[in-house]
**Student:** 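There's a structure below that I have some questions on.
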Number of protein chains: 2
Amino acid sequence: MISKKPIRRREDRSDQTQKRILRAAVREFSTHGLSGARTDRIAESAKVNKALLYYYFKSKQGLYAAAVENVAARVVENALTGFDPKYSAGEMLLRSALNHFDRILTQREFQSLLQQEMIRFRSGKGGSIPVLFRTAFAPLIQKMREAVETGTRTGELCRMDWLQVVYSIFGANVFYFLSAPMMELALPVEPFAPKVLKQRREIAVQFLGSALFTDRVAGAKLADRILCEMPMPRVTNVQARIEDFHARRKTL
Amino acid sequence: MISKKPIRRREDRSDQTQKRILRAAVREFSTHGLSGARTDRIAESAKVNKALLYYYFKSKQGLYAAAVENVAARVVENALTGFDPKYSAGEMLLRSALNHFDRILTQREFQSLLQQEMIRFRSGKGGSIPVLFRTAFAPLIQKMREAVETGTRTGELCRMDWLQVVYSIFGANVFYFLSAPMMELALPVEPFAPKVLKQRREIAVQFLGSALFTDRVAGAKLADRILCEMPMPRVTNVQARIEDFHARRKTL
DNA sequence: TACTTTTAACTAACCAGTTAATCAATGATA
DNA sequence: TATCATTGATTAACTGGTTAGTTAAAAGTA
């Protein structure tokens with residue numbers, strides 16, 4: 001933003017504008033949905049002419065697909081960290097819960113896009129769900145299943161349905177962020193304030209610790225230890241949040 | 001559908017067409033979103049002229065608002081059943097979890113609309129969230145909070161953050177239905193098959209029973225008892241499911 | 001007749017996608 | 001190394017189909 005040295009090499013320049021378009025597209029699609037998004041708005045926010053969108057991504061659909069893939073790729077990389085075999089099964093689960101929370105926190109657009117894709121998929125159109133599923137989702141729940149099964153076999157965890165564990169972990173996190181706008185109206189706190197987020201994150205893991213483990217106290221202790229080792233990431237996405245804020249102001 | 005006796009009274013006739021429009025609108029908006037929905041399609045599916053939509057509901061936005069309110073109203077009525085003071089705090093919570101599951105199951109459109117409204121709300125525009133919040137959401141979580149607090153005071157429930165309980169209960173249910181289309185790709189089962197639904201519903205309550213209660217075994221037993229008293233409702237919405245099916249076929 | 005409900009046909013705006021022309025690196029040539 | 005055709009990147013202006021919303025008249029009911 002600040003450095004104004006013009007890019008000389010043609011390729012680099014083109015790459016950069018493509019990235020700019022993609023960033024703008026992710027923002028637009030995640031806040032307005034596929035049909036609500038406006039190509040003019042994307043072009044304007046990427047500071048390029050609208051025709052460029054079609055030059056690089058042939059159609060609105062194409063741009064949308066590229067946007068979804070782009071965010072998905074960013075997610076996949078760190079989805080499986082935490083399943084290091086040096087950890088016990090229970091620890092893997094708690095770590096993946098934290099991982100999931102942090103991922104939603106740092107990549108909010110992904111969540112919006114994913115939810116919208118889910119609705120689209122349910123009402124018939126193929127969309128990107130199958131791809132997302134194969135690349136991001138399937139490997140993760142497979143790992144979780146294995147962890148629950150070994151955990152119950154060794155007696156570390158309570159005897160329980162592995163799917164229910166998946167639903168509990170993901171569900172609580174997803175619902176937290178999903179319901180945040182509404183909760184904002186209910187509670188005397190701002191759900192996206194760093195302090196509140198941090199506390200929520202801790203409580204969620206502690207809850208899992210005492211809900212999943214045979215030895216409740218040991219589970220809670222383990223949760224505390226992991227929390228020390230995995231501090232909450234800083235939310236770097238400041239620019240987007242500022243833009244959000246202004247968009248909000250304008251429409252009030 | 002079958003009975004063809006024409007309605008004589010003007011008022012009744014008008015009422016009925018309004019309802020037909022509203023039903024069609026709910027279907028259209030919940031599958032396509034506000035901006036994806038087409039007024040022509042709503043009119044056609046309600047078997048009225050498009051101008052009637054504007055006669056009764058002045059604008060697309062107005063129709064949308066009416067649709068959301070309509071579904072919300074249906075939800076509110078049975079949200080608070082289960083908080084009968086004759087039950088213990090723990091029982092209230094388990095019952096409300098089942099209630100919530102059944103509500104999503106029988107009124108799927110509400111969920112879609114609500115989620116879309118949540119995204120809309122986050123990205124600035126007021127929408128119906130504040131209304132929905134006051135009428136449906138706030139009273140419910142208030143009751144849940146009270147239940148958790150009395151439950152922990154009496155020692156029936158584990159000492160835990162009441163909000164975390166809310167997130168766990170709602171989260172698991174919401175996430176089950178939200179992720180169902182994706183899970184369909186992951187699992188060898190159809191998540192909307194009555195048998196699968198029934199099993200999931202049971203496991204979810206049993207999980208809560210042993211996660212929330214100080215006495216895990218007692219919690220699980222209570223869950224079983226409640227499950228007997230609250231059998232899964234039949235999904236009456238056959239027409240919508242058939243239409244869904246056909247819509248799906250067409251777009252493949 | 002007087003009033004409400006419903007319709008066919010229309011319009012104005014919007015918006016995805018196109019076109020043809022311009023601009024600026026690049027690399028070949030003398 | 002100065003020149004210039006080539007090619008990729010970018011734009012302003014346009015187009016045509018779509019869609020929310022209107023109007024004026026017809027049909028139905030009290």
Side-chain angles (χ1 to χ4, degrees), chain A residues 4-68 116 120 125 127 251, chain B residues 4-68 116 120 125 127 251:
Chain A
K4 264 283 161 111
K5 33 188 155 185
I7 298 104
R8 299 198 183 287
R9 279 192 53 226
R10 195 146 76 184
E11 215 178 300
D12 290 355
R13 215 186 133 75
S14 158
D15 260 32
Q16 242 203 9
T17 50
Q18 274 193 62
K19 287 220 179 83
R20 255 201 343 271
I21 293 173
L22 221 49
R23 257 205 309 276
V26 167
R27 266 211 305 277
E28 178 76 9
F29 284 127
S30 65
T31 51
H32 296 90
L34 172 56
S35 50
R38 297 295 109 124
T39 51
D40 292 295
R41 219 152 37 196
I42 295 174
E44 190 196 339
S45 131
K47 291 194 226 8
V48 294
N49 186 280
K50 187 171 52 142
L52 260 195
L53 311 188
Y54 294 88
Y55 178 68
Y56 286 119
F57 306 91
K58 107 169 184 294
S59 69
K60 191 189 186 186
Q61 292 263 349
L63 182 54
Y64 181 73
V68 172
Q116 287 168 17
R120 244 161 59 87
K125 309 160 209 176
T251 52
Chain B
K4 265 283 161 110
K5 33 188 155 182
I7 297 101
R8 299 205 179 284
R9 280 192 50 227
R10 197 151 71 185
E11 214 177 297
D12 291 355
R13 213 185 135 75
S14 159
D15 259 32
Q16 242 202 10
T17 49
Q18 276 191 60
K19 286 221 179 79
R20 259 206 333 280
I21 293 173
L22 223 47
R23 256 205 310 277
V26 167
R27 266 211 306 278
E28 178 76 9
F29 284 127
S30 65
T31 52
H32 296 91
L34 172 55
S35 50
R38 298 292 147 225
T39 50
D40 290 301
R41 218 150 41 196
I42 295 174
E44 189 196 340
S45 135
K47 292 196 229 358
V48 295
N49 186 281
K50 189 172 52 143
L52 260 195
L53 310 188
Y54 294 89
Y55 178 69
Y56 285 119
F57 307 92
K58 106 168 182 293
S59 69
K60 191 188 186 187
Q61 292 265 348
L63 182 54
Y64 181 73
V68 172
Q116 287 168 17
R120 246 162 58 86
K125 309 161 208 176
T251 53

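Protein chains get the first letters and strands the later ones, always in sequence-line order, with residue 1 at the start of each.
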**Student:** Holding to side chain to side chain donor-acceptor pair (under 3.5 Å), I want the full list of residues that pass it with Tyr55(B), two or more places apart in sequence or in another chain.
**Tutor:**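 Per chain and number, Tyr55(B) pairs via side chain to side chain donor-acceptor pair (under 3.5 Å) with no residue.
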**Student:** Send over the distance from Arg13(A) CZ to dC23(C) C1', rounded to a whole Å.
**Tutor:**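 Checked: the CZ to C1' distance equals 10 Å.
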**Student:** Should Leu63(A) and Tyr56(A) count as side-chain neighbours, where that means a heavy-atom distance under 4.5 Å?
**Tutor:**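 No, every pair of side-chain atoms sits at 4.5 Å or beyond.
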**Student:** Whether the side chain of Lys47(B) engages the backbone of Arg20(B) through a donor-acceptor N/O pair (distance < 3.5 Å, no angle test) should be reported.
**Tutor:**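 No, Lys47(B) side chain to Arg20(B) backbone: no donor-acceptor pair under 3.5 Å.
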**Student:** What is the distance from atom CZ of Arg38(B) to atom OG of Ser35(A), rounded to the nearest 0.5 Å?
**Tutor:**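 Reported value, rounded in 0.5 Å steps: 6.5 Å.
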**Student:** Under 4.5 Å between any side-chain heavy atoms of Glu28(B) and Ser45(B), yes or no?
**Tutor:**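 No, their side chains stay 4.5 Å or more apart.
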**Student:** How many whole angstroms separate atom CD of Gln16(B) from atom P of dT6(C)?
**Tutor:**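 In whole Å, dT6(C) P and Gln16(B) CD are 10 Å from each other.
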**Student:** Give the rounded distance in Å between these two atoms: CG of Leu52(A) and C1' of dA12(D).
**Tutor:**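 Between C1' of dA12(D) and CG of Leu52(A): 12 Å.
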**Student:** To the nearest Å, how far apart are Phe57(A) CZ and dA9(D) C1'?
**Tutor:**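 Spelled out: CZ on Phe57(A) to C1' on dA9(D) is 14 Å.
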**Student:** Check the distance between dA9(D)'s P and Gln18(A)'s CD and give it to me in whole angstrom.
**Tutor:**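 In whole Å, dA9(D) P lies 8 Å from Gln18(A) CD.
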**Student:** Tell me the interatomic distance from Lys60(A), atom NZ, to dC14(C), atom C1', rounded to whole angstroms.
**Tutor:**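 Computing the Lys60(A):NZ to dC14(C):C1' distance gives 12 Å.
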**Student:** So do the side chains of Val68(B) and Phe29(B) get within less than 4.5 Å of each other, counting heavy atoms only?
**Tutor:**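 Not in contact.
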**Student:** Take atom OH of Tyr55(A) and atom C1' of dT10(D), then tell me their distance rounded to the nearest Å.
**Tutor:**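 So the OH-C1' distance, Tyr55(A) to dT10(D), works out to 9 Å.
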**Student:** Which distance, rounded to the nearest 0.5 Å, do you find between the CD of Gln116(A) and the OH of Tyr64(A)?
**Tutor:**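 The CD atom of Gln116(A) sits 6.0 Å away from the OH atom of Tyr64(A).
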**Student:** Please report the interatomic distance CG(Leu53(A)) to CD(Gln18(A)), rounded to the nearest 0.5 Å.
**Tutor:**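 Separation between the atoms: 11.0 Å.
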**Student:** Measure the distance from CD1 on Ile21(B) to C1' on dT7(C) and round it to the nearest whole Å.
**Tutor:**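 About 13 Å, once rounded to whole Å.
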**Student:** Distance check, rounded to the nearest 0.5 Å: Lys60(B) atom NZ versus Thr39(B) atom OG1?
**Tutor:**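 One gets 6.5 Å once the value is rounded to the nearest 0.5 Å.
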**Student:** Base contacts versus sugar-phosphate-only contacts with protein, heavy atoms under 4.0 Å: please encode nucleotides 22-27 of chain D as B, S and - from 5' to 3'.
**Tutor:** BB----
**Student:** Using only side-chain N and O atoms of Thr17(B), determine if any of them is under 4.0 Å from OP1 or OP2 of dT6(C).
**Tutor:**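 For Thr17(B), the contact criterion (side-chain N or O under 4.0 Å from OP1 or OP2 of dT6(C)) is met.
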**Student:** Between residues 37-44 of chain A and DNA chain D, which residues have a heavy-atom gap below 4.0 Å?
**Tutor:**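 By residue number: none to list.
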**Student:** dT10(D), OP1 or OP2 - any side-chain N/O from Tyr56(A) closer than 4.0 Å?
**Tutor:**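 True: Tyr56(A) side-chain N/O within range (under 4.0 Å) of dT10(D) OP1/OP2.
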